[in-house]
Each structure stands twice: as structure tokens, then as C-alpha cells.
Amino acid sequence: MKVIIVGGVAGGATAAARLRRLNEQAEIIIFERSGYISYANCGLPYYIGGVIEDRNALTLQTPKSFSSRFNVDARVLHEVININAKDKFVTVRNLKTGEIFDEKYDKLILSPGAKPLVPDLKGLDSDKIFTLRTVEDTFRIKDYIDKHQPKSVVVAGGGFIGLEMAENLRERGIEVTLMQGMDQLMTPFDSDMASFIHAEVRRHGINLMLGSPVSGFNDRGGKIEVLSENAPTVTADMAVLAIGVTPENTLAKTAGLELGIKGSIIVNEHMQTSAEDIYAVGDAVQIKHFVTGKDSLIWLAGPANKQGRIAADNICGIKSTYKGGQGSSVIKIFDLTAATTGINEAVAKQNGIDCDKVILSPMNHAGYYPGGKAMTMKVVFEKGTYCLLGAQIIGYDGVDKRIDVLATAIRAKMSAIELTDLDLAYAPPYSSAKDPVNMAGFMIENIANGLVKQWYVEDEADLPRDGSVILLDTRTVAEYGRGHADGFINIPVDELRQRIDELDKNKTVYVMCQSGLRSYIATRILSSFGFDCYNFAGGYRFWEAVKKDRALAEKTTACGMDA
């Protein structure tokens with residue numbers, strides 16, 4: 001059996017290694033048009049920032065090492081330019097010599113990945129504008145910075161690559177403007193959770209321009225001018241485009257393969273395309289989202305690796321299936337860690353799912369153990385069924401641990417209430433006896449049992465301030481004095497029982513505290529006295545972060561600059 005793999009990196013290289021482990025006699029050839037067969041794609045911004053100092057550390061496998069260990073013929077700088085699916089051969093161009101030749105196959109695996117989305121904008125031909133996708137792109141950017149020592153850069157795009165580039169360039173002491181066409185960074189997160197990301201970016205001196213899509217460029221006086229219809233022109237020494245990617249489907253089109261959303265390659269659960277002997281994996285393929293069951297694109301290394309293994313299994317007669325992706329991801333943003341899995345609240349509503357959420361701010365480990373830091377968790381679930389839909393966590397230590405637990409719970413199709421039953425490891429330096437994941441479950445269980453009703457940050461503007469309802473802040477007098485929501489009176493929770501007669505039982509009470517815990521206790525007290533009451537989801541800490549971020553966004557929109 002002869003298997004040709006087009007493209008290396010995550011999906012293609014994984015498929016090759018798995019094929020060899022399953023079949024020692026198969027002839028396996030990888031054609032990779034770049035100069036690197038398998039590299040740490042996610043590590044590229046960190047080489048530019050100097051965190052990864054050795055460029056060789058980016059290369060996971062070389063053609064020589066692949067040959068030595070797996071007996072795989074890995075040919076870099078070889079571009080497949082055509083596929084003849086009927087007669088089962090590919091046409092290849094050797095990029096070093098210009099030679100063009102045909103190579104027959106029994107089975108073909110496409111792993112072409114995705115390419116940077118580069119819109120047709122004026123001035124894109126400037127040598128001061130870069131995109132980042134390959135190792136070669138990385139070296140070009142790094143070499144340009146080392147040679148020209150730019151003092152300022154515009155990064156266009158607020159996804160993973162854009163944010164990581166902005167951080168690493170800022171860490172090098174370069175003045176960074178981050179322009180994002182949408183009104184928030186990192187769209188896997190809901191806009192309220194993204195407030196914490198925005199605050200961290202601003203705290204480190206990045207000029208954040210939200211709602212500012214790039215509309216063109218001008219090369220002027222040795223600088224690059226970055227234009228936007230919604231904001232003033234920004235002048236910098238260089239620019240990096242990271243506004244998204246699109247599936248690389250050129251070969252799939254030539255082979256006549258069936259294509260899906262955004263031109264992605266349609267595959268079945270065995271990673272098989274519409275052509276029987278052609279498989280496809282990685283960023284170029286359309287998959288089913290595990291939570292929604294709908295066609296989706298997920299551009300992450302984890303799914304690509306799994307898909308490469310599954311394609312190899314099926315070629316070798318093992319009926320493996322890919323059951324869909326849920327977009328579990330994590331990113332470092334200066335001192336913060338932000339992680340997500342499943343779908344967020346906005347996506348749930350877009351899909352017509354009647355959802356609810358809990359928002360909490362637990363410590364990463366036992367409060368009495370030194371060094372504890374708060375994280376913000378948002379867990380989204382379906383009303384009525386309590387089916388877990390997704391989670392978002394932003395904080396410091398322990399974020400990745402909790403998101404992985406929640407990702408596993410979603411994959412196991414646990415209900416949100418069953419989070420209470422998880423038996424999770426505890427020692428004071430690592431967690432609390434009631435882990436944050438358990439706490440989310442307890443909160444959802446209380447909602448299910450009718451012990452608490454919630455109100456949310458999006459409700460605050462509509463709360464009447466005419467005295468027809470009671471707005472109650474149950475923090476200490478000192479906390480209240482440092483800042484509070486407009487119209488809220490202060491009765492500390494520990495004084496509430498003694499001062500209950502100060503409140504009118506005929507009025508609905510909307511309660512807030514710092515994190516949501518004391519206000520929950522207050523709602524239980526109030527309920528026992530016959531009050532109709534609602535607990536604020538997230539607490540004043542959450543409310544303040546969202547309000548500050550939205551005020552800054554409005555100010556930015558008004559004056560075109562980040563305050």
C-alpha cells in the first residue's frame with residue numbers, strides 16, 4: 001500500500017506516524033511545500049517575542065528524523081499542484097529545482113491546513129506588512145525586527161495569533177496598537193468575560209482599538225499608515241495581519257471534492273472525503289460541533305492531531321470515528337490565563353438554545369493558604385435539561401485544570417448539576433475541599449431546586465430607580481464606600497437579620513455583593529422572611545469589570561483612540 005500525505009505539521013505528521021505504527025510495509029510519502037515537516041505552530045509568536053530563544057526548538061521533526069524513526073519519505077519544499085482522483089496520482093513541483101513530476105497513490109491524505117485571511121486592501125504590497133502562519137513567516141518577522149528595531153507596530157486582529165503577537169511584541173518593548181474589527185477580543189468568550197482580557201491588555205500598555213476594522217495601508221516616510229473607516233489613521237514602523245484564516249482548499253477543488261462552509265473539505269466521521277480513497281484532516285475540514293451537532297470549523301491543533309490518527313486507522317482497516325470537536329482552548333495573556341470549552345452564551349442563543357448561566361469568582365486554592373488568586377468562571381447550560389453547553393474561565397493559577405474538568409464533563413454528557421458529584425483532588429496549595437467546578441454545580445443545583453433566582457449584568461440598566469424595587473448591596477460598609485452600583489443601598493449581610501424591618505416586603509429585592517456568595521446568603525435570609533429576591537450573577541467585582549470596559553469602549557468609539 002502506498003499512501004501520500006499532502007502537508008505535515010499536526011494532522012499530516014500525526015497520520016504518517018500512526019500509519020507506520022500500524023503498517024510496517026506501507027510506502028508513506030509526505031509532500032510539504034514549506035521547509036519544515038512538523039513544527040510547533042502555536043509556539044511561533046513566542047520565538048518572535050524571545051521567550052523561545054532557539055529557532056531549532058520550533059521544529060518537532062525533520063525529514064531525516066522522520067525517516068530514521070518511522071521510515072517515512074518526508075519531502076519538504078515539494079508542492080502538490082494537482083490531484084487526479086480518477087487515476088489516483090498527484091502532480092508535484094519541486095520548489096528547489098522547478099522539476100514537476102507525477103506520483104501515484106493507493107490512499108491520499110490531505111492536510112493542507114488554513115491560510116491567513118488577507119482581504120483585498122490598498123497598500124498590502126508593503127514590505128512592512130506581515131502575516132504569521134509558517135516557520136518561514138516567523139523568521140521573516142523576527143529578522144525584520146532584529147534588523148530594523150521598530151519602535152511601534154500595529155497588530156490587526158484580536159484572535160489567538162493577534163493577541164499572542166501583541167503580547168510578545170509588547171514584551172520586547174515595542175509600542176503596540178491592537179486593532180480589532182469587532183467590539184471585543186477573543187470571540188470564543190462572551191463579551192462580559194472578554195472585559196477581563198481587555199483590561200489586562202490595556203494594563204500592559206497596549207493601545208486597544210475595538211470596532212476598528214482595517215481598511216487599507218499607506219507606505220509613507222519610512223512608516224506604514226494603517227487606515228480604518230471607524231478610527232483615525234495609526235502610523236507605525238510595521239504591521240502584522242492576524243484577522244483570521246480560511247481553509248486551504250485549492251487541491252480539493254482540483255480533485256472535485258465536495259466542499260462545505262467557507263470552502264472547507266467535507267469529510268465523514270472516518271475523515272473520508274467524497275472521493276473514496278482520499279481523506280482530509282486538520283484546519284481545512286468541516287466537522288460536527290460536539291455540543292450543537294452542527295457543521296463547524298475548529299482551527300486547533302488538538303482536533304487536527306486526533307483526525308490524523310483516525311484517518312490512518314481507517315486506511316489500515318481500523319474503524320475509528322471522529323465524534324466532533326468542542327473548541328477547548330487556552331491562551332496566556334501577559335499574567336492572565338483565559339480558557340474556554342464548548343459554546344458560549346452568545347452562540348447558544350444564536351443556535352436557538354434556551355440557556356442560563358452561573359458566574360462565580362472562586363480562589364484557585366484554599367483561601368487560608370498563602371498566594372491564592374481569584375478566577376472568574378462562567379458556566380453555560382440549557383434551561384430545563386441542565387445540559388452543559390460550555391464554560392469560560394479567566395484568572396491565574398488553576399484555570400487550565402478547571403477548564404479541562406469541564407471539557408471532560410461536556411464530553412461525558414454530564415448534566416450541569418452532576419458537577420456537584422465530581423470527586424476532585426484537594427490539598428490547600430492546589431484547591432479547596434469544594435473545588436470551583438463543584439461550586440459551579442452547587443450554584444446550578446440551587447437554581448434547579450428553586451433556592452435562588454438570578455439577575456444579570458445586562459439587566460442592571462433596566463432596573464427601576466424610582467423606589468418601586470429594593471436595590472441592596474450586602475458588602476461591608478468599607479467595601480460599599482469604595483464603590484457601588486448606582487441606586488443600591490447598603491446593609492451588610494451580617495446585619496441583615498437585625499435590620500430586616502428596614503425593607504418593604506411588598507417590593508422585589510435585587511441583591512449584590514462582591515462575588516455573589518454573601519448576596520446568595522442574603523437572598524436565603526430574605527426568602528425566609530417572605531421577600532421576592534434575586535441574586536446578582538458574578539458580584540460587584542464582575543459588574544465593575546464589565547462596566548469599566550464598556551465605558552472605555554464607548555469613549556474609544558467617540559474619540560477614535562483608546563483612553
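Residues: numbered from 1 along the sequence shown.
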Would you say the side chain of [Y] lies within less than 4.5 Å of the side chain of [X], judging by non-hydrogen atoms?
{"X": "Ile83", "Y": "Leu257", "answer": "no"}
{"X": "Ile287", "Y": "Gln307", "answer": "yes"}
{"X": "Tyr322", "Y": "Glu269", "answer": "no"}

Margin query: Heavy-atom count check: over 12 atoms from other residues, nucleotides or ligands less than 6.0 Å from Arg69 CZ?
Written below: no

Could you pull out every donor-acceptor pair under 3.5 Å between side chains of residues 22-29 and any protein atom, sequence neighbours left out?
{"from": "Asn23", "atom 1": "OD1", "to": "Gln25", "atom 2": "N", "distance (Å)": "2.9"}
{"from": "Asn23", "atom 1": "OD1", "to": "Ala26", "atom 2": "N", "distance (Å)": "2.9"}

Item checked: Axial cation check for Tyr47 ring with Lys142, 6.0 Å and 45° limits -> yes

Checklist line | Partners passing salt bridge (charged side-chain N to carboxylate O under 4.0 Å, His left out) against Arg402 (at least two apart in sequence or in another chain) | finding: Asp435

Provide the closest heavy-atom pair for [X] versus [Y] in the form atom of the first, atom of the second, distance.
{"X": "Met165", "Y": "Ile48", "answer": "SD-CD1, 3.7 Å"}
{"X": "Ile310", "Y": "Ser320", "answer": "CG2-O, 3.7 Å"}
{"X": "Ile444", "Y": "Ala416", "answer": "CD1-CB, 3.6 Å"}
{"X": "Asp190", "Y": "Ala346", "answer": "OD1-N, 3.0 Å"}
{"X": "Leu178", "Y": "Gly157", "answer": "CD1-O, 3.3 Å"}
{"X": "Leu44", "Y": "Thr134", "answer": "CD1-O, 3.6 Å"}

Margin query: Using 0.5 Å steps for rounding, measure from the CD1 atom of Ile4 to the NZ atom of Lys104.
Written below: 9.5 Å

Item checked: Interatomic distance, Leu297 atom CG to Gln286 atom CD [nearest 0.5 angstrom] -> 6.5 Å

Note to self: Which residue is it: Val176, Leu163, Leu132? I am looking for the one with a side chain to side chain contact (heavy atoms under 4.5 Å, CB included) to Val155.
What the structure shows: Val176

Next item on the list: Could you give me the CA-CA distance, side-chain angles and deciding distance for Leu406 and Ile393, then say whether side chain to side chain contact (heavy atoms under 4.5 Å, CB included) is met?
Entry: CA-CA 10 Å; Leu406 288 159; Ile393 311 178; 4.1 Å; yes

Notebook entry, point to check: Which pairs, with at least one residue in residues 404-419 and sequence neighbours excluded, count as a side-chain hydrogen bond (donor to acceptor under 3.5 Å, both in side chains)?
Noted result: Gln326-Arg411

Check: Of Lys262, Lys253, Arg33, which meets salt bridge (charged side-chain N to carboxylate O under 4.0 Å, His left out) against Glu248?
Finding: Arg33

Check: Do Ile224 and Val154 pass the side chain to side chain contact (heavy atoms under 4.5 Å, CB included) test, and can you show the C-alpha distance, the side-chain angles, and the key distance before you say yes or no?
Finding: CA-CA 9 Å; Ile224 188 75; Val154 170; over 6 Å; no

Electrostatic pair [X]-[Y], nearest N-O below 4.0 angstrom:
{"X": "Arg140", "Y": "Glu136", "result": "no"}
{"X": "Asp283", "Y": "Arg133", "result": "yes"}
{"X": "Lys357", "Y": "Glu458", "result": "yes"}

Next item on the list: Sequence neighbours left out, what passes side-chain contact (heavy atoms from CB on, under 4.5 Å) with Glu229? Give chain and number order.
Entry: Ser215

Item checked: Worked check of side chain to side chain contact (heavy atoms under 4.5 Å, CB included) between Gln180 and Gln184 -> CA-CA 7 Å; Gln180 165 75 323; Gln184 72 167 83; 5.7 Å; no

Next item on the list: Take Val201 and Leu185 through the side chain to side chain contact (heavy atoms under 4.5 Å, CB included) test and state the conclusion after the steps.
Entry: CA-CA 10 Å; Val201 167; Leu185 301 175; 4.0 Å; yes

Check: Can you pull the salt bridge (charged side-chain N to carboxylate O under 4.0 Å, His left out) pairs that have at least one residue in residues 292-321, sequence neighbours excluded?
Finding: Arg18-Asp313, Lys288-Asp295

Next item on the list: Indicate whether the side chain of Lys378 and that of Thr376 have a donor and an acceptor atom separated by less than 3.5 Å.
Entry: no

Notebook entry, point to check: When you check the side-chain N and O atoms of Thr91 and Asp102, is any donor under 3.5 Å from an acceptor?
Noted result: yes

Distance-only criterion, 3.5 Å: show the donor-acceptor pairs between side-chain atoms of residues 109-125 and protein atoms not counting sequence neighbours.
{"from": "Ser111", "atom 1": "OG", "to": "Gly12", "atom 2": "N", "distance (Å)": "3.1"}
{"from": "Lys122", "atom 1": "NZ", "to": "Asn218", "atom 2": "OD1", "distance (Å)": "3.0"}

Next item on the list: Measure the acute angle between the ring planes of Tyr386 and Phe381, then classify it against the limits of 30° and 60° as parallel, tilted or perpendicular.
Entry: parallel

Checklist line | Whether Asp549 side chain and Met193 backbone form a donor-acceptor pair below 3.5 Å | finding: no

